[in-house]
Amino acid sequence: MTNREIAKILHEIAVYLEMDNESFKPRAYEKVADVIDGLEEETADIYKRGGLKALQEIPGVGASIAEKIEELIKTDHLSYYEKLKEKKPIDLSSFNGIEGLGSKSILKLYKELGIKNLNDLEKAVKRGDIRKLEGFGEKSEENILRGIEFVKRSGGRFVLGFIMPQVRVIEERLKKLKEVEKIVVAGSVRRRKETIGDVDILVISKNSKPIMDYFVGMKEVARVYARGDTKSAIKLQSGLDVDLRVVAEKSFGAALNYFTGSKDHNIELRKIAREKGLKLSEYGLFKGKKQVAGKDEEELYRALGMEYIEPEMRENFGEIELAKKKRLPKLIGYSDIKGDLQIQTNWTDGVNSIEEIVDAAMKAGLEYIAVTDHTKRLAMTHGLDEKKLIEQGKEIDRINKKLEKKHIKFKVLKGTECDILKDGTLDLSDWALSKLDVVGVSVHSYFKLDKKEQTKRIKKAIENPHIDILFHPTGRIIQRREAYKIDVDEIIKAAKETGTVLEVDAFPDRLDLKDEYIKKCIENEVKIAVDSDAHSINHLSYLECGVAEARRGWATREDVINAWPVEKMLKFLKN
DNA sequence: GCCGTTTTCGGCCCGACTGTTTTCAGTCG
């Protein structure tokens with residue numbers, strides 16, 4: 001049983017307990033569900049390793065929940081949960097994402113109308129049964145209908161890197177309004193989560209009416225949920241929900257903090273405030289009635305006795321403890337990347353020539369790139385064999401000479417994205433690999449091998465002394481493809497032993513490695529490389545998404561080899 | 001149900017909005 005499955009059951013137990021008007025138990029289950037969902041190690045492995053005792057070391061897990069998890073792991077069943085479900089046989093998960101429907105409403109719908117799932121709900125809405133219920137009305141009915149549509153369509157989330165340009169356009173437009181004194185996009189966009197559900201924008205203004213008028217009247221607005229003087233909410237034609245809030249200058253920091261989240265991070269901060277006899281809300285930090293901080297975030301964190309915490313770290317994964325001790329890492333900056341070590345050109349499946357990419361990379365402020373086209377095994381991309389690779393090397397020599405002549409300091413490196421074959425051997429000869437500056441390897445086939453075999457395959461590949469970087473190490477594609485089954489800890493260990501760099505592929509729906517694994521690399525002193533995996537010059541801008549993910553994994557400039565000058569980076573790869 | 005510079009009981013984050021009411025429960029972030 002996976003963490004996700006365990007978390008889902010615990011979450012549903014919480015909902016059932018809420019239905020029974022239990023006051024604090026639901027929160028206990030809810031909390032553990034969240035913790036387990038975010039756990040790196042499989043709970044089943046934790047149990048295997050240390051039994052009930054180890055389970056109880058998971059934050060929020062006590063004797064009672066530990067036993068329930070044990071039962072789940074051992075038998076794939078939980079009698080406690082099944083009894084609850086027997087009493088109220090409702091498909092709770094089908095109601096996820098229908099905004100405004102919590103446990104109490106779901107219970108009412110079940111009791112009064114016998115609604116057990118989304119299908120029943122849709123039928124009841126269409127019959128007009130919902131509005132007749134006490135406590136429900138036309139508006140509720142409309143909301144439910146909209147929720148059903150939403151859930152059916154998208155599951156409700158967008159890949160941040162793909163939707164970001166749209167967010168920026170709106171931000172820029174609002175910024176230009178003369179009534180807007182300050183504007184920040186908060187929420188999960190500011191924390192740079194991989195996917196987002198909606199966008200929260202905060203502005204300071206003394207005259208909000210024209211701003212709100214403009215906001216709800218934009219051409220791509222599909223629907224206006226609310227239009228007030230302090231808050232408006234819209235849905236864009238793309239399906240993205242955007243909220244705009246106007247806050248007072250003296251509360252801006254507190255509001256920004258509050259609307260940036262994460263929720264867990266905020267809860268911790270509020271607890272700390274309470275311990276100090278203070279009260280934290282989105283209006284500020286208060287001692288009694290008196291505001292002691294909240295104008296900006298720096299001041300707020302200082303008043304709580306800690307360092308400023310970058311938004312990308314605010315997940316309550318230990319950042320607050322470090323901030324208290326004033327020992328937060330200095331995260332890599334968005335303009336620290338000096339080179340890009342994975343780029344495909346029109347020699348294989350990229351669309352641009354090497355020279356076009358060099359040109360674009362220079363304009364983007366880079367100092368070097370590695371050309372890393374696919375190898376022959378990927379026939380559909382016309383992958384390069386040894387002979388073509390040598391030809392390409394000559395072309396790169398020519399371009400470098402040309403740059404030198406013009407006294408341009410930019411450097412093009414010879415590289416490859418060499419295929420890892422099924423047995424862990426490589427698609428190019430050692431002789432060919434030894435001629436290259438940057439050797440990346442990656443898996444593009446046999447995704448379904450079992451965990452042991454897949455791990456062994458990748459380990460074998462990176463044990464080849466010519467290998468520098470393992471590209472997109474887990475192979476996941478967000479919202480489309482699961483990661484291959486591999487033991488990431490084993491791979492990190494092998495990378496440490498062989499001096500292999502692990503990549504953070506910056507493509508918005510890859511972000512591979514993801515944040516939690518990046519954090520693990522850094523804890524184990526394994527270096528990472530943030531690469532665009534560009535297949536066209538337009539993709540170079542995705543480097544930003546990779547840096548964001550690296551920051552979410554607490555990476556500093558020292559951890560990222562392509563944030564280093566080219567000489568230092570190459571010297572590191574040689575050793 | 002969990003947790004403890006409050007160790008075996010008492011407290012658990014906070015405020016606002018929504019839709020339905022006629023003072024509030026439910027939901028959300």
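By convention in this document, chain letters (A, B, ...) are assigned in the order of the sequence lines, proteins followed by strands, and residues within each chain are numbered from 1.
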For [X], report the nucleic acid contact type (base, sugar-phosphate, nothing); a contact means any heavy atom under 4.0 Å.
X: A:K231; answer: nothing
X: A:K25; answer: base
X: A:S23; answer: nothing
X: A:E22; answer: nothing
X: A:N143; answer: sugar-phosphate
X: A:K263; answer: base

Is it the case that the side chain of A:E307 and the backbone of A:R327 share a donor-acceptor pair, with hydrogens and angles ignored and the cut-off at 3.5 Å?
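Yes; at least one donor-acceptor contact below 3.5 Å.
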Under the 3.5 angstrom rule, does the side chain of A:Q291 hit a backbone N or O of A:A293 as a donor-acceptor pair?
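At least one qualifying donor-acceptor pair exists.
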Go through the side-chain N and O atoms of [X] and [Y] and say whether any donor and acceptor fall under 3.5 Å apart.
X: A:T260; Y: A:N257; answer: no
X: A:E544; Y: A:Y334; answer: no
X: A:D512; Y: A:T474; answer: yes

May I ask you to check whether over 12 heavy atoms, not counting those of A:K85, lie within 6.0 Å of atom NZ?
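Atom NZ in A:K85 is crowded, with more than 12 foreign heavy atoms closer than 6.0 Å.
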Counterpart residues, side chain to side chain donor-acceptor pair (under 3.5 Å), relative to A:E70 (two or more places apart):
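Once residues adjacent in sequence are excluded, the partners of A:E70 under the side chain to side chain donor-acceptor pair (under 3.5 Å) criterion are A:Y47.
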Do the side chains of A:E315 and A:R191 get close enough for a salt bridge, i.e. N-O under 4.0 angstrom?
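Result for this pair is yes, salt bridge flagged.
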Just to be sure I understand the geometry, which residues of residues 60-77 of chain A put a non-hydrogen atom under 4.0 Å away from DNA chain B?
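Listed by number, they are A:G60, A:V61, A:G62, A:A63, A:S64, A:I65, A:K68.
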Between [M] and [N], how far apart are the [atom1] atoms? Round to whole Å, please.
N: B:dA16; M: B:dG11; atom1: C1'; answer: 24 Å
N: B:dT5; M: B:dG1; atom1: P; answer: 23 Å
N: B:dC28; M: B:dT20; atom1: P; answer: 15 Å
N: B:dC13; M: B:dT27; atom1: C1'; answer: 16 Å
N: B:dC17; M: B:dC12; atom1: P; answer: 24 Å

Starting at the 5' end of DNA chain B, which residue's closest nucleotide do you reach first, A:Y258 or A:E282?
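In this pair, the answer is A:E282.
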On DNA chain B, compare the nucleotides closest to A:N21 and A:F24; which residue's is nearer the 5' end?
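Looking at DNA chain B, the more 5' nearest nucleotide goes with A:F24.
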Outermost nucleotides of DNA chain B that come under 4.0 Å of a non-hydrogen atom of chain A:
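In short, chain A contacts DNA chain B from B:dG1 to B:dG29.
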Hunt down the Watson-Crick or G-U wobble partner of B:dT8, both distances under 3.5 Å, from any strand shown, or write none.
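Matched B:dT8 with nothing under the 3.5 Å cut-off.
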Can you classify the ring geometry of A:F162 versus A:F507 as parallel (below 30°), tilted (30 to 60°) or perpendicular (above 60°)?
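Ring orientation of A:F162 relative to A:F507: perpendicular.
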